[in-house]
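Report on the following structure.
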Amino acid sequence: MERSQGPSHATLAGRLAAGGTADVAGAARVLAGRMVADLLGLPADGPDGAFRELFAAGERLARLALGTTASTGLDPAVVARARSVVADITAGVPHAYRTAGPGTLLGRCRELDLGLPLARGLATLLVIAGTETGASGTVRTVALLHDTGRQRALLDDPSLLEGAVREGLRVATPAPLIGRHVNRDATVGGRRLRAGERVLLLTYRATNGAGPFDLDREYVPETRQLWFGGGRHLCLGAAVARTQVARMLATLLSDGRPYRVVSRRAARGVLVPAYAELAVRLA
Ligand code: HEM
């Protein structure tokens, strides 16, 4: 985390301490791009533009997926467009598959001899699963902490940070629904589900029943951290995501003063509900 993100956080903290305004949403998109690149063993340093572009390519792919939800068939033209986005996203993968260190995902893929097509697929999955979700969860937690007026409590008692992150992710639930295919007939909550049907799990409803963001709320066992899914597809990036959110809160509060949101704008036409912009400055 520090290797790929430390310098960006230092820049952000410095700008705020000097009285400047920072767009947390823009910063989180770049940080998410850097984090995924670093995990994969692709170059994760260099100017922000490349990582903003990686994030945007993930958004383009997700937007294509969003347009296909009304049907179980896939239009070949959409598949062709998706292939071209995937080619952009994975342009650096063949080189990294050969050279990346054993501490990276692509290095591990090589050591396991998984082959380039699977490695490309994994890289694409990571960009799709790990960028929009993490950035949205981070920025919405920053906004929730501000809007509920609890920054002072967190500044006075840093042990509340873990709860702030958990509550932010619970209330934001960046993956608000999860799709599943029914494998065999079953009865759930009195309803008969038949093999072959599709179901949508409304994670947002499941996690938000506990109530609004509350910095002092203990973990609610009934939510079962469903914001990270559950079972065999449980989020592989949960620990990374929690660290990302915690690190952003720590950076924004590192000067010992609360931040103030000076403007905000919702993102439109995106798969994961998010802020397009969340500008903050220190109070
Ligand atoms: C706040 C941020 C995040 C949230 C809310 C989130 C949520 C989820 C959810 C709900 C699933 C399960 C989807 C399903 O069951 O169909 C999932 C799967 C996954 N997530 Fe995350 N995720 C986040 C961040 C990340 C990050 C940062 C990474 C990678 C670094 C990541 C990698 C993955 C992968 C690879 C899977 C697929 C696991 C599988 O299918 O076995 N996620 N995530």
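Read the numbers this way: they start at 1 and go in the same order the structure lists the ligands and their atoms.
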Next on the checklist: Please work out, at 4.0 Å between heavy atoms, whether the side chain, the backbone, both, or neither of Leu169 comes within that distance of ligand 1.
Outcome noted: side chain

Item to check | Arg180 N/O under 3.5 Å from ligand 1 N/O | outcome: yes

Item to check | Worked verdict on Arg281 versus Thr21 for side-chain hydrogen bond (donor to acceptor under 3.5 Å, both in side chains) | outcome: CA-CA 5 Å; Arg281 61 166 64 217; Thr21 302; 2.8 Å; yes

Next on the checklist: Looking at Arg205, I want to see if its CZ is surrounded by more than 12 non-hydrogen atoms of other residues, nucleotides or ligands under 6.0 Å.
Outcome noted: no

Checklist entry - Is Glu218 atom CD crowded by more than 12 heavy atoms from other residues, nucleotides or ligands, each under 6.0 Å away? => result no

Next on the checklist: Applying a heavy-atom cut-off of 4.0 Å, say which part of Leu39 lies close to ligand 1: side chain, backbone, both or neither.
Outcome noted: side chain

Checklist entry - Quick one: do the Thr251 and Arg247 side chains pair a donor with an acceptor below 3.5 Å? => result yes

Next on the checklist: Quick check: Gln244 and ligand 1, any N/O pair under 3.5 Å apart?
Outcome noted: no

Checklist entry - To which protein heavy atom is atom 7 (C) of ligand 1 closest, and what is the distance rounded to 0.1 Å? => result Trp227 O, 3.4 Å

Checklist entry - Of the protein's non-hydrogen atoms, which lies at the shortest distance from atom 39 (C) of ligand 1, and what is that distance? => result His233 ND1, 3.3 Å

Checklist entry - Are Val24 and Tyr259 close enough that some pair of their side-chain heavy atoms sits under 4.5 Å apart? => result no

Item to check | Proximal protein heteroatoms (N, O or S) of atom 21 (Fe) of ligand 1, under 2.8 Å | outcome: Cys235 SG

Checklist entry - Between Val245 and Val272, is there a shared hydrophobic cluster once you connect ILVMFWY residues whose side-chain heavy atoms come closer than 4.5 Å? => result no

